[in-house]
Amino acid sequence: MLDLTYDAPKPKRIAGAKHDWELVIGMEVHAQVSTHAKLFSGASTAFGAEPNSNVAFVDAGMPGMLPVINEECVAQAVRTGLGLKADINLFSAFDRKNYFYPDLPQGYQISQLYHPIVGEGEVLVELGDGTARTVRIERIHLEQDAGKSVHDMDPNMTFVDLNRTGVALMEIVSRPDIRGPEEAAAYVTKLRQVMRYLGTCDGNMQNGNLRADVNVSVCRPGDYERFMETGDFSVLGTRREIKNMNSLRFIQAAIMTEARYQIGLLEDGKEVVQETVLYDVDKDETRSMRSKEEAHDYRYFPCPDLLPLEIEQDWVDDIAASLPELPDAKKARFMGDFGLSDYDASVLTAETDSAAYFEQVAGAAGDGKLAANWVINELFGRLKKEDTDITASPVSPDQLAGIIALIKNGDISGKIAKDLFEIVYTEGGDPAQIVEDRGMKQVTDMGAIESAVDEIIAANPAQVEKAKQNPKLAGWFVGQVMKATGGKANPKAVNDLVSTKLGI
């Protein structure tokens, strides 16, 4: 079981630092809402369309065009909030956030500052050392995405694609509870996992459907505890925000690079200036983008084009009742029902498709532990090697369950099973029929096995004497018998007979 702890990690020395420092990280994760239409228009959200082909008049900021809320976007935000054990606000409202973006035609972003749709929640983040920490969610609000500026098509011009403009985003804002780069990556991974289970965001970071702004500051040991006691943010140090991170690996690298930069300034007697920065992957450095704005700098005011959003508790309850089994609950059930280890259950529940595949195999085979072993080691290993998704697996759950059933019934050995798996993976077919047609069935005739054992022992008297002196060498005889029978002899029967015949 996980060792659940809420304590801050022990202070650690950052490479090149003169003193011990602690990292303090808060994250703003922007998750594209999984819907067919945008937040305030009926334009398509399909990825990869021709530039500027998925743009309605309201997305393009045409005069007189008014936004109309997409109910499914609201429902998806509520689902996400419920999945993160967050408060759902029955009253919320939209505000205008005023700032210049060349790919945001209307000149402002419709967002939610004062009255977000989702309030406080939490995420249980599991770490590699077997521990887990709770990261608190401050809020989740809905907002529209901006478009995309394309700079590499012409040396003298920038092109603008408005397809993303107006796409619904959920901004998930955490408390400054994250204490290191690995924990930051684990937090984003857990958010993505939960949203994929819920079907509220596909989590595709390569397509920009999940992006993170990372706020990093450093403080001296003990300061974080003082912050937890007093709520005084000033003790955490000045934060700098790393914008638009869409890779777990780069999130970790950027955090450490930024931490070293801030520590270097502080240890040289300089101050950290609050600002927004970009992470340069090639140079492994963060560079200033603009001074960090506060809320008043954006001149927020209630959006005059949209009425406040009032939803009914019954509607929220209906959504809650329709939620699927979430990762933590599914993992606990797999451990309880199938006797799986924490690690195996974590691997199998990482993705909804993997969990569904395993559960079908385990149900058909009637052995959860054996099913987990074959799914994780044989199937996942082969799929990873060939860069194939579980949904495109050449081996169906019923076929893999058939292989496992043959093992359990003693029809084939583990070695034969691996050969059979290779045949099914590359050629397909019914496992039981393949075993019958190709003569792969395990030899269980004790007379035939005993005859093979006797022949090997009689032909190797010197090896017999060595084995009597060192029983570990009996394995040599087992190997020879298996070789002589083409790997078809029952391994347990061979082991037992060799031990009896040698008197060890």
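Bear in mind that the values here come from a model prediction, so they are computed numbers and not experimental data. We count residues from 1, following the sequence as given.
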Check whether any side-chain N or O of Asn163 sits under 3.5 Å from a backbone N or O of Glu50 as a donor-acceptor pair, and report yes or no.
yes
Under 3.5 Å side-chain donor-acceptor pair for Lys331 and Ser346:
yes
Just by distance, no angles: are the side chains of Asp284 and Thr257 close enough, under 3.5 Å, to form a donor-acceptor pair?
yes
Can a donor-acceptor pair be found between the side chains of Tyr224 and Asp177 at a distance below 3.5 Å?
yes
When you check the side-chain N and O atoms of Asp59 and Thr165, is any donor under 3.5 Å from an acceptor?
no
Can any side-chain N or O of Asn52 pair as donor or acceptor with the backbone N or O of Val160 at less than 3.5 Å?
yes
Between Arg196 and Gln193, a side-chain donor and acceptor under 3.5 Å
no
So, do Glu312 and Leu90 sit near enough that their side-chain heavy atoms are less than 4.5 Å apart?
no
What I want to check is whether the side chains of Thr200 and Ser34 have a donor and an acceptor closer together than 3.5 Å.
no
Assess the side chains of His30 and Glu28: does a donor N or O sit below 3.5 Å from an acceptor N or O?
no
Strictly by modelled atom types, are Glu122 and Thr134 linked by a side-chain donor-acceptor pair under 3.5 Å?
no
Does Gln112 use its side chain to pair, donor to acceptor, with the backbone of Ile117 at less than 3.5 Å?
yes
Closer than 3.5 angstrom, by distance alone: can the side chain of Asn209 be matched with the main-chain N or O of Gly203 as a donor-acceptor pair?
no
Any side-chain to backbone donor/acceptor pair from Arg136 onto Pro176? Under 3.5 Å, distance only.
no
With no hydrogens and no angle check, is any side-chain donor or acceptor of Glu386 less than 3.5 Å from a backbone partner on Leu383?
no
Quick one, Tyr108 with Tyr99, criterion ring-ring contact (aromatic ring centres under 6.0 Å, His included). Give me CA distance, side-chain angles, the key distance, then yes/no.
CA-CA 6 Å; Tyr108 55 83; Tyr99 64 108; 9.8 Å; no
Does any donor atom in the side chain of Trp21 or Glu267 lie under 3.5 Å from an acceptor atom in the other side chain?
yes
Do the side-chain N and O atoms of Gln274 and Thr238 include a donor-acceptor pair separated by under 3.5 angstrom?
no
Tell me whether the NZ or CZ atom of Arg96 lies within the 45° cone about the ring axis of Phe301 and under 6.0 Å from its centre.
no
Ser92 side chain to Asn89 backbone, donor-acceptor under 3.5 Å
no
Would you check if there is a donor-acceptor pair between the side chains of Glu183 and Gln252 at a distance under 3.5 Å?
no
Under a 4.5 Å cut-off applied to non-hydrogen side-chain atoms, are Asp328 and Lys190 in contact?
yes
More than 12 heavy atoms of other residues, nucleotides or ligands under 6.0 Å from NZ of Lys243: yes or no?
yes
Should we say atom CD of Glu71 is surrounded by more than 12 heavy atoms from elsewhere, each under 6.0 Å from it?
no
